[in-house]
Amino acid sequence: MRLKRLLLAGAASALLMAEAAQSGLAQTAAAGAAPVITANTTIAFLDDIHGAQAMAWVRAQNLHTTSTLEKDPRYAGFYKTVLSGLQAPDRLAMPSLMGGAVWNFWQDAAHPHGIWREATQASYLKKTPDWTVRLDVDALAKQDGINWVFKGANCLAPADEHCLVALSNGGEDAETLREFNTKTSQFVPDGFVFSRSKQTAAWVDANTILLARDWDGKGTTLTPSGYPYVVKTMVRGTAAGQEAELYRGEPSDMAVMPMALTDGDGHQLVLIQRNVNFFETRYAVVEGGKSLRWLALPAKSEIQGMLKGRLIVSVEEDWHPAGQAAIPAGSLLSVDPAAAERDVQVIFTPGASQSIDQVGVTKNTVVVSLFDNVRGRAMRFTAPQAGQPWQATPLALPDMTSIHIVDTDHASDTAFLSVEGYLEPSQLWLLEGKGQPRKVKSAPARFKTDNLVTEQFWATSTDGTRIPYFIVHRRDIKLNGANPTLLTAYGGFQVSYTPLYAPEIGQLWLERGGVYVVANIRGGGEFGPAWHEAGRKSGRQKVYDDFASVGRDLISRKITSPRYLGIRGRSNGGLLSGVQMTQHPDLWNAVIIGVPLLDMEHFETMSAGASWAAEYGSMSVPAEADFLRSISPVQNLKAGISYPEPFIFTATSDDRVGPVHARRFAARLETMGKPFFYYEDIEGGHSGTVNAPEVAHERALEAVYLSHRLMDKE
């Protein structure tokens, strides 16, 4: 999996467990000396993430939040509703194609940590597949006494028998890698084991692995972003400390990692990927196991796979390969790895309203999911005969939805695609050979949609740019400015925010009369690289202006008003929410800020923050520093301003953004005597909580908060 994606889960008994956990929080907070922060209190102790004083403050804040919001009579029902959906046995079991079979990772009430299981493709297509459990993570966690979270497996193609299973303690990004045999369903005795680290591995052969990690446990081979930059060759049986170093990047890099590609014709290629920063990458072919040959690809490019021995590459900047016409940013290419700049074929160049979302490679085709005015589309491109262009076939799939590539099979021309919309439950479509896709599975509806409709509107931003947004509401909506409305967006890292079927939104918000809005603001990838570039670094004020403009557009249409308008964002979207709270405190009455960046004056020195300087800018560059100071939510909270009472949530084990951003923001509000709700999941990493009961608990707290702020009469 690519680094950018790496950087970018019985109800009654579960409820009792959650209540018992909260009782434990109450006892701990009461027994400890929880600090009370005032205007004269230093908050530096909160930077000690697991420190006793910091954790006492966290538990006290958690107790305040849970004891207040759980008293609401709606909480228990919200909790049970969300948990039921998360653990529903009729959820779609999403497939992974590996070793000629279908694999799936599954969590439910009986398996909160999850099971990794296998079925034949024929069996998988049945209503009730015949699964064989290969790894029981619950049993492993109990055996090891560790809160293991399954983070996937990296297997040696094409047999996919030997795998490195990634296990994370509590959901953090750092992982332990352990060799697993998919045929015996056992960890390999005396097999490869790589202890906890942020690390990336690539199989060269059954006895050789390339590995990038923290080699001495002291961080000397980690970049300021916290990722490794030294790759070594691990040969089975070699004594620890005797590994041969293959490549050493620069300490200033974001990360360096190995990668291995295999296509359906048996071609194999081992590469080194050097991420100079979040967006600029260099690739080198490993030749003879020892030497590197660097590829003449543009800096902003990404290798998506290999077909017929050629690399499938997307480019995010205009490229002028030697002796060829200019290739526009956003294009998808086929490149000869032996002559990367001289032998380039254009597979597809998106139009002005389009952008590529995902790319999958089968034995003879390239499958692409894309957006056209933020509506999902998909195409199949067939590898050409000599001297012929690539053949494009549009795939017939539902409109007004998101279309994603679930997985592709390198050994055949089989692919699975998912289709979903705000009101359309997830569907699974099977693509085989040269035919059109067919729907093979569909999740049941989790909420009533008879009186609901999805529309796409456009707002005009401060600089005149038109910003699209989706809105889901009742057909009989009254345009009286009094509809409870929840607005969300992301707006960063060229990530597109597209239609998603979210049962908790439908059940806890839409069915109760709420309006749900998703804004496709700049900074994302909805319209390709230029849409993202417009909102990068000091251009990010455009992102924030876009979002506020959508809020004002909702008000001008009399869909809602500031009294009934709330916002939600997480991660980079959490920063968005924090900025909106400080820049436009009168525009919103509810603000949900999740696992956020909020201290932009210091983000580069916090957790993996240094890796995002290419997105946000750097305090080392005067002009960029001035901008970061101007938007940083922590520093721009003002004592004399009346803010909406926010709901802030984060996770102690988040080793990507880290909880310190959220802690500092909440503590600054506390020093000013301003109200807020703060919830920090003691377990769970940046991607969220690690099991269904805790996810349901946090979502139910949010639902109560939104009900108080936007639905209840004052």
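Looking at Arg213 and Ser195, their side chains do bring a donor and an acceptor atom within 3.5 Å of each other. Of the N and O atoms on the side chains of Asp409 and Thr414, not one donor lies less than 3.5 Å from an acceptor on the other residue. No hydrogens or angles considered: nothing links the side chains of Thr176 and Arg196 as a donor-acceptor pair under 3.5 Å. A donor-acceptor pair shorter than 3.5 Å can be found between the side chains of Asp357 and His404. Residues Thr365 and Thr362 bring a donor and an acceptor atom of their side chains to less than 3.5 Å of each other. A donor and an acceptor atom, one from each side chain of Glu302 and Ser314, are nowhere located under 3.5 Å apart. Gln427 and Ser442 share no donor-acceptor pair across their side chains, judged by distance under 3.5 Å alone. Between the side chains of Thr498 and Ser496, not a single donor N or O lies within less than 3.5 Å of an accepting N or O.
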Exercise. Begin from the C-alpha positions of Trp215 and Phe194 and carry the test ring pair (Phe, Tyr, Trp, His ring centres under 6.0 Å) through to its verdict.
Key: CA-CA 10 Å; Trp215 288 102; Phe194 305 121; 7.9 Å; no
Practice problem: Given side chain to side chain contact (heavy atoms under 4.5 Å, CB included), test Gln273 with Leu271 step by step and report yes or no. | Solution: CA-CA 6 Å; Gln273 175 178 324; Leu271 303 106; over 6 Å; no
Quiz item: Does the side chain to side chain contact (heavy atoms under 4.5 Å, CB included) test come out yes or no for Gln199 and Leu211, once each step is laid out?
Solution: CA-CA 7 Å; Gln199 55 190 323; Leu211 184 68; 3.8 Å; yes
Quiz item: Checking salt bridge (charged side-chain N to carboxylate O under 4.0 Å, His left out) for the pair Arg178/Asp144: CA distance, chi angles, key distance, verdict?
Solution: CA-CA 13 Å; Arg178 296 171 62 176; Asp144 294 350; 3.1 Å; yes
Exercise. Determine, step by step, whether Val149 and Leu167 satisfy the side chain to side chain contact (heavy atoms under 4.5 Å, CB included) criterion, reporting the C-alpha distance in whole Å, the side-chain angles of both residues, the deciding distance to 0.1 Å, and the verdict.
Key: CA-CA 6 Å; Val149 175; Leu167 298 165; over 6 Å; no
Quiz item: Is there a side chain to side chain contact (heavy atoms under 4.5 Å, CB included) between Asp681 and Thr652 once you walk through the steps?
Solution: CA-CA 6 Å; Asp681 184 14; Thr652 308; over 6 Å; no
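The backbone N or O of Thr208 sits less than 3.5 Å from a side-chain atom of Asp205, completing a donor-acceptor pair. Side-chain atoms of Ser197 come within 3.5 Å of backbone atoms of Asp214 as a donor-acceptor pair (strictly under, hydrogens ignored). Looking at Asp138, its side chain does come within 3.5 Å of a backbone N or O of Gly114 through a donor-acceptor pair. With hydrogens and angles disregarded, a donor-acceptor distance shorter than 3.5 Å links the side chain of Arg380 to the backbone of Gly433. Remark: the backbone N or O of Thr120 is not paired with any side-chain donor or acceptor of Ser123 at under 3.5 angstrom. Judged by distance alone, the side chain of Glu118 and the main-chain N or O of Trp131 form no donor-acceptor pair under 3.5 Å. The closest donor-acceptor contact from the side chain of Asn572 to the backbone of Tyr490 lies under 3.5 Å. The main-chain N or O of Ala93 is found under 3.5 Å from a side-chain atom of Tyr124 such that the two form a donor-acceptor pair. Between the side chain of Arg310 and the main chain of Ser334, a donor-acceptor pair closer than 3.5 Å is present. Side chain of Asp655 to backbone of Glu172: no donor-acceptor contact under 3.5 angstrom is found.
Sequence neighbours left out, not one pair with a member in residues 116-151 passes disulfide (SG to SG under 2.5 Å).
Residues Tyr679 and Phe649 keep their aromatic ring centres 6.0 Å or farther apart. Under the 6.0 Å cut-off for aromatic ring centres, Trp103 and Phe416 do not qualify, their centroids lying 6.0 Å or more apart.
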Tabulate below the donor-acceptor pairs under 3.5 Å that side-chain atoms of residues 156-165 make, not counting sequence neighbours, or state none.
{"from": "Asp160", "atom 1": "OD2", "to": "Gly99", "atom 2": "N", "distance (Å)": "2.8"}
{"from": "Glu161", "atom 1": "OE2", "to": "Asn181", "atom 2": "ND2", "distance (Å)": "3.1"}
{"from": "His162", "atom 1": "ND1", "to": "Glu179", "atom 2": "OE2", "distance (Å)": "2.9"}

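A 6.0 Å sphere centred on CG of Asp190 holds no more than 12 heavy atoms belonging to other residues, nucleotides or ligands. Residue Lys142 places its NZ atom among 12 or fewer non-hydrogen atoms of other residues, nucleotides or ligands, all under 6.0 Å distant.
Pairing each heavy atom of Val657 with each of Ser571, the nearest pair is CG2-OG, 4.4 Å. Between Leu86 and Ala696, the shortest heavy-atom distance links the atoms CD1-N, 4.0 Å. When every heavy atom of Ile209 is checked against every heavy atom of Ala201, the shortest pair comes out as CG2-CB, 3.9 Å. For the residue pair Met94 and Asn104, the shortest heavy atom distance occurs at O-ND2, 2.9 Å. Here the closest heavy-atom approach between residue Ala101 and residue Ala119 is recorded as CB-O, 3.5 Å. Contact record, Ile405 with Val367: CD1-O, 3.3 Å, taken as the closest heavy-atom pair.
In this structure, Lys441 does not pair ionically with Asp90, as no charged nitrogen and carboxylate oxygen lie closer than 4.0 Å. Here Arg293 pairs with Glu287 in a salt bridge; the nearest charged N to carboxylate O distance falls below 4.0 Å. A salt bridge does not link Lys363 with Asp263: every distance from a Lys NZ or Arg NE/NH1/NH2 to an Asp or Glu carboxylate oxygen is 4.0 Å or more. Classification of Arg59 and Glu680 as a salt-bridged pair fails, no side-chain N sitting under 4.0 Å from a carboxylate O. Using a cut-off of 4.0 Å between Lys/Arg side-chain N and Asp/Glu carboxylate O, Arg282 and Asp253 are scored as not salt-bridged.
Under the side-chain hydrogen bond (donor to acceptor under 3.5 Å, both in side chains) criterion, Gln242 pairs with no residue, sequence neighbours left out.
Distance NE2/His111 to CG/Asp136: 5.5 Å, rounded to 0.5 Å. With values rounded to the nearest 0.5 angstrom, Gln121 atom CD is found 6.5 Å from Leu97 atom CG. With rounding to the nearest 0.5 angstrom, the NE2 atom of His267 is 11.5 Å from the CG atom of Leu311. The CG atom of Asp336 lies 15.0 Å from the NZ atom of Lys308; values are rounded to the nearest 0.5 Å. One distance of note links CG of Leu295 with CD1 of Ile303; it measures 6.0 Å at 0.5 Å rounding. The line from CG of Leu395 to CH2 of Trp429 is 10.5 Å long, rounded to the nearest 0.5 Å.
Geometric assessment of Lys151 against the ring of Phe105 yields a negative cation-pi assignment under the 6.0 Å and 45° thresholds. Geometric assessment of Arg134 against the ring of Trp116 yields a negative cation-pi assignment under the 6.0 Å and 45° thresholds. Stacking of Arg656 on the aromatic ring of Trp612 is not recorded, the 6.0 Å distance cut-off and the 45° axial limit not both being met.
Val366 has its side chain within reach of Val359: a pair of non-hydrogen atoms, C-beta onward, lies under 4.5 Å apart. Side-chain contact between Tyr283 and Ile272: absent, with no pair of heavy atoms (C-beta onward) separated by less than 4.5 Å. Side-chain contact between Ile682 and Val58 is present, with at least one heavy-atom pair separated by less than 4.5 Å. In this structure the side chain of Glu432 never reaches within 4.5 angstrom of the side chain of Asp413, judged on heavy atoms.
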